[in-house]
Number of protein chains: 2
Amino acid sequence: MVGQKPADALMVGSSCATHKTDLHLSADQAERVADLFKTLGHPVRAQIVMMLSRGGGDVCVCDIERHFDVSQPTISHHLKKLRDAGVVYGVQHGLWVHYSLVPGVLETLRQFLNGLD
Amino acid sequence: MVGQKPADALMVGSSCATHKTDLHLSADQAERVADLFKTLGHPVRAQIVMMLSRGGGDVCVCDIERHFDVSQPTISHHLKKLRDAGVVYGVQHGLWVHYSLVPGVLETLRQFLNGLD
DNA sequence: CCACTATATAGACAAATATCAATATAACAA
DNA sequence: TTGTTATATTGATATTTGTCTATATAGTGG
């Protein structure tokens, strides 16, 4: 939880003219949303997610590696970040591991974005 | 541009069974999408964006500061990151500055997310 | 001009991140 | 068992990030 004031500190007055600032998003929810955004906030990870989506899942790590000009451990590191955030999962098939998107996990972000503008 | 292979390196064969990995997202586009995601990838910034949306724009910095338990320069720093990413803009009104969302800027992300799953 | 206020900037520092080379692990195959 | 291969982990290192205090900037009002 980062720098969040208690709820009863919201909506107090000020001398300037704008007060339309209630959040409608708890600090916990903000934390989860931000964590997902951060996870997608690297070009390699954004593209991995897109590959898994486009490929319909079950994409081999060896095929992921081919698309990028970074080392194998770096790809493995990005996959771990995606796994830890609950965005993807991997299944072992013999020597290979096939990755897929966790279904519905990006719904949180869609809802956040659709609530905006 | 981060660790992106040239396009002609895509879709080569492998000994494992999955090859459904064409990207449909250029490296430049991935960079922009990731940059926006990264910008929203902090709980304070995610909540600032939500406040601006909920408030319909023209929200005073002084009202933003009230919601968080971090110092004034830290809020200023986060607003700068949001400005630099083209997510928000501020207009001076006397001593105060009113921030708003840049209209439509999050459309890129909606499109990215709606193309997934 | 001077004091006061809101916001931004500069500088310092700790923590987190991205990357790579080297190594470990685990599954297959001979 | 021994070798080979795909992926993960470890450890080192450079860069980036988030935060603070202190200070600057710019607008308001006497």
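Proteins come first, then strands; the chains are lettered A, B, ... in the order of their sequence lines, and each starts at number 1. Model, not experiment: these values are computed from the prediction.
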> Quick one: on DNA chain C, does A:Gly41 or A:Leu95 contact a more 5' nucleotide (nearest heavy atom)?
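Its nearest nucleotide lies further toward 5', so the answer is A:Gly41.
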> Closest approach to the side chain of A:Tyr99, judged atom by atom: which nucleotide of C:dA8, D:dA8, C:dT9 is it?
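Selected nucleotide: D:dA8.
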> Mind checking if A:His77 touches a base, just sugar-phosphate, or nothing, with heavy atoms under 4.0 Å?
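Base contact.
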> Does OP1 or OP2 of D:dT7 have a side-chain N or O of A:Lys80 closer than 4.0 Å?
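For A:Lys80, the contact criterion (side-chain N or O under 4.0 Å from OP1 or OP2 of D:dT7) is not met.
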> Is there side-chain contact between A:Glu31 and A:Asp35, with at least one heavy-atom pair below 4.5 Å?
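They are not in contact (no side-chain heavy atoms under 4.5 Å apart), so the answer is no.
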> For D:dT19, does either OP1 or OP2 sit under 4.0 Å from a side-chain N or O belonging to B:His78?
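Answer is yes, contact under 4.0 Å.
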> Find the distance between CD1 (A:Ile48) and CE (A:Met50) and round it off to the nearest 0.5 Å.
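That separation rounds to 13.0 Å.
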> What are the two closest non-hydrogen atoms of B:Val88 and B:Leu79, and how far apart are they?
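Taking B:Val88 first and B:Leu79 second, the nearest heavy atoms are CG2-O, 4.2 Å.
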> Nearest to the side chain of B:Thr74, which nucleotide is it out of C:dA27, D:dT19, D:dG27?
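Side chain of B:Thr74 sits closest to D:dT19.
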> For B:Glu31 and C:dA18, give me the distance from atom CD to atom P, rounded to whole Å.
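Spelled out: CD on B:Glu31 to P on C:dA18 is 13 Å.
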> Please tell me which of the listed nucleotides, C:dA6, C:dA18, C:dT7, lies nearest to the side chain of B:Val61?
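When the side chain of B:Val61 is considered, C:dT7 is the closest of C:dA6, C:dA18, C:dT7.
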> From the set D:dG18, C:dC20, C:dA18, return the single nucleotide nearest to any side-chain atom of A:Ser71.
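Looking only at heavy atoms from C-beta outward on A:Ser71, the closest nucleotide is C:dC20.
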> Out of D:dA8, C:dT5, C:dT7, which nucleotide sits closest to the side chain of B:Ser76?
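Selected nucleotide: C:dT7.
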> Is A:Lys81 near enough to C:dA18 that one of its side-chain N or O atoms lies under 4.0 angstrom from OP1 or OP2?
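Result: yes.
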> Of the candidate nucleotides D:dT9, D:dG18, C:dA27, which contains the atom at the shortest distance from the side chain of A:Pro73?
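Minimum distance to the A:Pro73 side chain belongs to D:dT9.
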> Using a distance-only criterion (donor-acceptor N/O pair, under 3.5 Å, no hydrogens), is the base of C:dA8 paired with the side chain of B:Gln72?
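Flag set: donor-acceptor pair detected.
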> Given C:dA27, C:dA6, D:dG18, which nucleotide is nearest the side-chain atoms of B:Trp96?
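Among the listed nucleotides, the one closest to the side chain of B:Trp96 is C:dA6.
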> Going through the checks in order, is the side chain to side chain contact (heavy atoms under 4.5 Å, CB included) test met by B:Arg45 and A:Phe37?
CA-CA 11 Å; B:Arg45 293 195 294 267; A:Phe37 277 136; over 6 Å; no
